[in-house]
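Since the structure comes first, as structure tokens, the remarks are kept for the end.
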Amino acid sequence: MKPAVILYKSLPDDLRTKLDAHFTVTEVHDISPETIEKHAAQFEQAQGLLGSGGKVDGELLAKMPALRACSTVSVGYDNFNVDALNQRKVLLMHTPTVLTETVADTMMALVLSTARRVTELDKWVKNGEWKKSIGPDHFGIDVHHKTLGILGMGRIGLALAQRAHFGFGMNILYNARRQHEEAETRFGARACDLETLLKESDFVCISLPLTEQTHHMIGAAQLKLMKPSAILINAGRGPVVDEQALTAALKDGTIHAAGLDVFEVEPVPADAEILTLPNVVALPHIGSATHETRYGMARDAVDNLIAALSGKVEKNCVNPQIQG
Ligand SMILES: NC(=O)c1ccc[n+]([C@@H]2O[C@H](COP(=O)([O-])OP(=O)(O)OC[C@H]3O[C@@H](n4cnc5c(N)ncnc54)[C@H](O)[C@@H]3O)[C@@H](O)[C@H]2O)c1
């Protein structure tokens, strides 16, 4: 008999066919308490869970006694209680690598659109306000040859450094727990403490995971260290930045602008004050959202679940140490 699996994200047809060939699949809308109650028997029998978003914690695990593997269609896994998974010996699979270049592209798009005011001026032109040649009121600031500081020099940070260094002749600073030799050799990146990075960077770019250590790593005190001309880019996770402090810093000129792909609450509430600020470029968490990359992530997530439930894990596992 094929193992039972809960799918909480729709898949392209060919990937769904592949999943069905290996498992008995119950597709649900999400993993909310209402959904779990409605499909209680299927959750109880499921050995695998595949999807993205939603909390996977002790409470959910208690309702899934047969669970052996979770496969998330994302690289970030802050919505999983990894300690609880480890205790229950449930494997957690994710999709690193496949999305790295695409997320770095998104970050570069935020760098360019904040500095050159692309979205703000696009609205201005479309509103019919371009009646004569523009003046300093509409000037932006240069990106090329400026200093770009990276918080989270991992896969995505490195791909961003490559773009910034080779594409835009930028100087790269980074703050990390370990020296990153490749970044230093290939892109001349310089390691520094957080305070130095914030003081010296023209663009502070966050590609950090959300952990206890990174939660609100950037708050009012850190924003005050940044140059008034500096721009903050966050494509890591929203709660790495104290959004209330950021809103205040953007309003009072402590920093120049922000480009945000992620927010403390997602979807960001439509009445959030930060959305009213002209010096903010806001995106709906689209870091990896291209057709090619989202397909690649879904394909890897399916392969990851097949590997995990057939005892053949070789890569993409967050907690491989729990295997017997
Ligand atoms: N916006 C999006 O759509 C999107 C898409 C993919 C990933 N992400 C986010 O980007 C994160 C990074 O992805 P990645 O593939 O580059 O992961 P990664 O693990 O390769 O890189 C993360 C880096 O952050 C560093 N780090 C962690 N805690 C730190 C701390 N306290 N101080 C300094 N450095 C610290 C790690 O050492 C690592 O080098 C993901 O965890 C996810 O949250 C967002």
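In each ligand, atom 1 is the first atom listed, and ligand 1 is the first ligand listed. Because the structure is a prediction, the values reported are computed rather than measured.
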Distance to 0.1 Å, residue and atom name: give those for the protein heavy atom nearest to [atom].
atom                    : answer
atom 7 (C) of ligand 1  : Val75 CG1, 3.2 Å
atom 4 (C) of ligand 1  : Ala235 O, 3.7 Å
atom 21 (O) of ligand 1 : Gly154 CA, 3.2 Å
atom 34 (N) of ligand 1 : Leu208 CD2, 3.5 Å
atom 42 (C) of ligand 1 : Arg237 NH1, 3.6 Å
atom 10 (O) of ligand 1 : Ile156 CD1, 3.8 Å
atom 18 (P) of ligand 1 : Arg155 NH2, 3.6 Å
atom 37 (O) of ligand 1 : Arg177 NH2, 3.0 Å

With heavy-atom distances below 4.0 Å as the criterion, list the atoms of ligand 1 near [X].
X      : value
Ser288 : 3 (O)
His285 : 1 (N), 2 (C), 3 (O)
Val103 : 5 (C), 6 (C)

Salt-bridge present (Arg163, Glu101; N to O < 4.0 Å): yes

Is any side-chain N of the basic residue among Arg16 and Asp20 closer than 4.0 Å to the acidic one's carboxylate O? yes

Could you check whether His216 and Glu264, counting side-chain N and O atoms only, form a donor-acceptor pair closer than 3.5 Å? yes

What I want to check is whether the side chains of Asn304 and Ser71 have a donor and an acceptor closer together than 3.5 Å. no

Do the rings of Trp124 and His138 sit parallel, tilted or perpendicular, given the 30° and 60° boundaries? tilted

Kindly compute the distance separating NE2 (His165) from CG (Asn171), expressed to the nearest 0.5 Å. 9.0 Å

Side-chain donor/acceptor of [X] to backbone N/O of [Y], under 3.5 Å:
X      : Y      : result
Asp252 : Thr254 : yes
Thr214 : Thr211 : yes
Arg117 : Phe139 : yes

With a heavy-atom distance limit of 4.0 Å, tell me whether Met153 approaches ligand 1 through its side chain, its backbone, both, or neither. backbone

May I ask you to identify, for Ser207, whether its side chain, its backbone, both or neither come under 4.0 Å of ligand 1 on a heavy-atom basis? backbone

Give a yes/no verdict on whether any heavy atom in Thr214 is under 4.0 Å from an atom of ligand 1. yes

Min N/O separation Val262 to ligand 1 under 3.5 Å: no

